[in-house]
2 protein chains.
Amino acid sequence: MATHKREHFTTAEQELAVIAKALGHPARVAILRLLTQRRACVCGELVLELPISQSTVSQHLKGLKTAGLVQGEVDGPRVCYCIDPAGWARARQLLGDLLAELPVPTTGCAC
Amino acid sequence: MATHKREHFTTAEQELAVIAKALGHPARVAILRLLTQRRACVCGELVLELPISQSTVSQHLKGLKTAGLVQGEVDGPRVCYCIDPAGWARARQLLGDLLAELPVPTTGCAC
DNA sequence: TTTTATAATCGTAAATCGACGATAAACGAA
DNA sequence: TTCGTTTATCGTCGATTTACGATTATAAAA
């Protein structure tokens, strides 16, 4: 049932969309998993694991950093990346809320 | 540590990316919520709620349908949309796995 | 200082996205 | 059949994404 037209999207909707967009590429999902498993840390190691070039990996890392999911600290000529605790906690929260809010429906369309 | 370069991304990574990409726009997140809350069902009702045009809503519905998150059945001149149980169950599974696999790290970068 | 290793950025190209208005298609009702 | 309602599609446009090689920092090592 329609109430009235919304002016904007909610902050939560936009925030979740930013997170989801960051997860919206297999390379970025793979990077997050490699970082948590500590199978890779430095950008060059990620490049060795992934089927994409160095510049593309760097670009994806930038995207993940912009979304707040990853942080990197300079370590000599290298950069050590890891999951950003605060940002990832927020992402988990938003995704968890979504899963809680949208259970698998038992009934189909009911118009 | 690097083992050896991967040829492709895994199926799970790609599948999750498809789901995440579908969630990567506030309009689509809003649509999913409206559908589960049964605050809207028919396309026209969604249009009345959302700050975007009819053609754009239809476009987003198509995207959600392609991702397998939503299904629609024709009801006279209208189309009744609802969450696709199987597709959404799969999406929940993949997102849940991600949350389980990637806990919030306690330690920061450790290179 | 010069070299070497690493990562970020630049420039570019192709593809996709997101939005809209306009039009077409589908269907029930008159 | 014709009309009115609803939804999908078309065409368009600008912006964004994804990819790459080449180049430019950056910093340690020689």
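Proteins get letters first, then strands, A, B, ... in listed order; numbering begins at 1 in each.
The hydrophobic cluster containing B:Leu16 does not contain A:Val18, counting ILVMFWY residues as joined when their side-chain heavy atoms lie under 4.5 angstrom apart, directly or transitively.
Looking only at distances, a side-chain donor or acceptor of A:Thr66 sits under 3.5 Å from a matching main-chain atom of A:Lys62. B:Arg90 places no side-chain N or O within 3.5 Å of a backbone atom of B:Ile19 that could act as its donor or acceptor partner. A donor-acceptor pair under 3.5 Å links the side-chain atoms of A:Gln14 to the main chain of A:Phe9, judged by distance alone. With hydrogens and angles ignored, the 3.5 Å screen pairs a side-chain donor or acceptor of B:Arg92 with a backbone N or O of A:Leu102.
The nearest whole Å value for the distance from the CG atom in A:Leu23 to the C1' atom in D:dT17 is 16 Å. The interatomic distance linking B:Phe9 (CZ) with D:dT18 (P) rounds to 11 Å, in whole Å. In this structure, the CG atom of A:Leu48 is 14 Å from the P atom of C:dA5, given to the nearest Å. Rounded to an integer number of Å, the gap from B:Asp75 CG to D:dT5 C1' is 13 Å.
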Distances for protein N or O near nucleotides 6-10 of chain C N or O, under 3.5 Å:
| from | atom 1 | to | atom 2 | distance (Å) |
| --- | --- | --- | --- | --- |
| C:dA7 | OP1 | A:Cys43 | N | 3.2 |
| C:dA7 | OP1 | A:Gly44 | N | 3.3 |
| C:dA7 | OP2 | A:Gly44 | N | 2.8 |
| C:dA8 | OP1 | A:Tyr81 | OH | 2.1 |
| C:dA8 | OP2 | A:Ser58 | OG | 2.9 |
| C:dA8 | N7 | A:Gln54 | NE2 | 2.9 |
| C:dA8 | N6 | A:Gln54 | OE1 | 3.0 |

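Using a 4.5 Å cut-off on side-chain heavy atoms (C-beta onward), A:Gln71 and A:Cys82 make contact. For the pair B:Glu15 and B:Thr10, the minimum side-chain heavy-atom distance is 4.5 Å or more.
Listed by residue number, the members of residues 25-34 of chain A with any heavy atom below 4.0 angstrom from DNA chain D are A:His25, A:Arg28.
For A:His60, a side-chain nitrogen or oxygen approaches OP1 or OP2 of D:dA19 to under 4.0 Å.
Here B:Leu94 contributes atom CG and A:Leu23 contributes atom CG; the two are 11.5 Å apart, rounded to the nearest 0.5 Å.
In terms of position on DNA chain C, the residue among B:Lys21 and B:Ile52 whose nearest nucleotide sits closer to the 5' end is B:Lys21.
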